Amino acid sequence: MIQEINFDGIVGPSHNYAGLSPGNLAATRNAGATAHPRAAALQGLAKMRANLALGLTQGILLPHPRPDDAWLASLHTHYLAAPAHLKARAFSASPMWAANAATVSPAPDAGDERCHLTVANLVTMPHRSHEWPATLAQLRLAFAHEHFAVHAPIPAPFGDEGAANHMRLCAAHDAPGVEVFVYGETGGPFPARQHREASEAIARAHRLDPAHTLFVKQSPEAIAAGAFHNDVVAVANERILFAHEQAFADRHDFFADLRRIMPDVEIVEVPAERVSLDDAIRSYLFNAQLVTASTGAQTLIVPAEARENQAVWSWLQDHLAGNGPIRAVDVVDVRESMANGGGPACLRLRVACDPTLVDPRFLVDAAKLDRIADVIATHWPEAIAFDAIGDADLVAQVIRARRALYAALDLVELIDS
Ligand code: SUG
């Protein structure tokens with residue numbers, strides 16, 4: 001029984017605002033602010049509870065070892081001696097954004113009928129470039145069944161940021177789909193983090209049918225306006241593509257190709273005259289989770305910031321009143337993650353598969369979320385000020401907190417990966 005599972009990254013105990021991602025305007029705007037890891041992680045859990053209430057299957061990915069001593073050792077230093085910029089980059093809780101963990105092609109799309117996952121190399125940003133070994137260790141455990149093929153990252157210099165730049169359209173999650181890879185081209189004010197070469201390599205690794213695979217260029221204006229990943233300006237679920245008018249470099253060609261391959265696709269485009277790119281990026285309207293609730297209703301899970309933006313909220317109300325394909329809007333509070341440029345969709349990795357084939361330690365129900373919440377409430381730091389990032393007591397607390405979570409989830413075998 002193939003169904004969509006959302007694997008959310010649990011916000012790690014070292015969550016902080018160091019402004020490490022140029023081109024991610026929220027993160028750079030909040031550089032130096034005080035972060036609240038405990039509240040951040042509990043907000044993430046509340047979002048997962050809301051997903052469960054919609055009848056969805058929910059999974060988790062875990063915080064990585066922070067500081068990343070292995071990465072610092074590969075740079076011939078260690079936490080006490082490292083310069084401040086390396087300390088911050090070794091301490092980031094960025095693995096919380098699970099949409100950047102991997103690209104996933106479910107079995108119905110793959111020539112060998114296995115579900116393929118390629119871990120993202122995240123080479124563009126130094127603080128994210130060392131995520132992949134721990135991500136790979138988790139994916140190899142969670143998806144150890146032979147139904148899955150878990151691939152090592154595409155080599156540098158071809159930047160790959162995972163599912164955040166990948167959309168899948170299909171009649172139903174268990175049916176063959178069209179996979180759309182969105183890449184950026186360098187030359188603008190901010191880095192293009194997804195390279196076409198990486199996406200093409202992933203499509204080959206996943207044995208996708210070229211006739212059902214599209215490579216689409218992100219519009220340079222979107223990247224320049226702060227859409228550092230495609231999932232900031234577009235999201236897809238089943239037959240629906242929901243996108244901003246300025247998301248793609250050549251929307252006419254892309255939409256024509258999509259309609260040719262999938263005639264019953266429903267493209268919901270938000271015109272710039274209703275919602276500007278700036279409003280879209282500030283509100284994260286498109287960084288929503290578009291899901292099929294157990295009632296069958298296409299439901300858009302948006303951050304609270306979308307309700308606070310008048311242009312965005314009135315567009316959503318008009319869409320609902322006009323009987324558009326999105327039938328319900330749910331609002332979640334993930335403000336701590338949002339302040340680093342991570343909305344509801346950034347926090348989750350979608351895997352369409354049979355849940356009985358997944359290691360159950362990576363799946364959650366309400367009771368397990370309660371246990372996780374207890375660990376967070378007991379161990380996660382309440383606040384991290386920017387200038388506390390090098391603090392020895394804080395480092396010790398962060399290490400203890402992660403260990404407590406792994407113990408509670410019976411995942412101690414992963415503790416040092
Ligand atoms: O890679 N922020 C992340 C946000 C990732 C959002 N993911 C998706 N759009 N799918 C990034 O820019 C900020 C960390 C800091 O500055 O400390 C950060 O890494």
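This structure is a prediction, so every number in the text was calculated from the model and none was measured. Both ligands and their constituent atoms are indexed starting at 1 by order of listing.
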Checklist entry - In terms of side-chain geometry, is the basic nitrogen of Asp370 or Arg49 positioned less than 4.0 Å from the acidic oxygen of its partner? => result yes
Item to check | Protein heavy atom at shortest distance from atom 8 (C) of ligand 1 | outcome: Cys346 SG, 2.7 Å
Item to check | Electrostatic pair Asp109:Arg168 at N-O distance under 4.0 angstrom | outcome: yes
Next on the checklist: Heavy-atom distances under 4.0 Å decide this one: backbone, side chain, both or neither, for Ala99 against ligand 1?
Outcome noted: side chain
Checklist outcome for this item: With heavy atoms and a 4.0 Å threshold, my read on which part of Asn100 contacts ligand 1 is side chain
Checklist entry - N/O of Asn340 under 3.5 Å from N/O of ligand 1, yes or no? => result yes
Item to check | Candidates Phe248, Phe215, Phe181 - the one meeting ring pair (Phe, Tyr, Trp, His ring centres under 6.0 Å) with Phe254 | outcome: Phe248
Item to check | Nearest non-hydrogen protein atom, atom 10 (N) of ligand 1 | outcome: Asp231 OD2, 2.7 Å
Checklist outcome for this item: of all protein heavy atoms, closest to atom 19 (O) of ligand 1 is His127 NE2, 2.6 Å
Item to check | ligand 1 to Tyr17 polar contact by distance, N or O atoms, under 3.5 Å | outcome: no
Checklist entry - If you measure from atom 11 (C) of ligand 1 to every heavy atom of Arg348, Met338, Arg193, Glu161, which option wins on shortest distance? => result Arg193
Next on the checklist: Within the structure, is a non-hydrogen atom of Arg128 found at a distance of less than 4.0 Å from ligand 1?
Outcome noted: yes
Item to check | Distance in Å, Ser283 OG paired with Gln310 CD, rounded so as to fall on 0.5 Å steps | outcome: 13.0 Å
Checklist entry - Is it true that Asp318 and Arg274 make a salt bridge, defined as a side-chain N closer than 4.0 Å to a carboxylate O? => result yes
Checklist entry - Below 4.0 angstrom, N of the basic side chain to O of the carboxylate: do Glu197 and Arg204 qualify? => result no
Checklist entry - Is ligand 1 under 4.0 Å from a heavy atom in the side chain of Met96, in the backbone, in both, or in neither? => result neither
Checklist entry - Would you call Lys217-Glu185 a salt bridge at under 4.0 Å N-O? => result yes
Next on the checklist: Please evaluate residues Tyr183 and Phe158 with respect to the criterion ring-ring contact (aromatic ring centres under 6.0 Å, His included), reporting the C-alpha separation (whole Å), side-chain torsions for both, the decisive distance (0.1 Å), and the verdict.
Outcome noted: CA-CA 11 Å; Tyr183 62 91; Phe158 307 119; over 10 Å; no
Checklist entry - Does Leu20 approach ligand 1 within less than 4.0 angstrom via side chain, backbone, both or neither, non-hydrogen atoms only? => result both
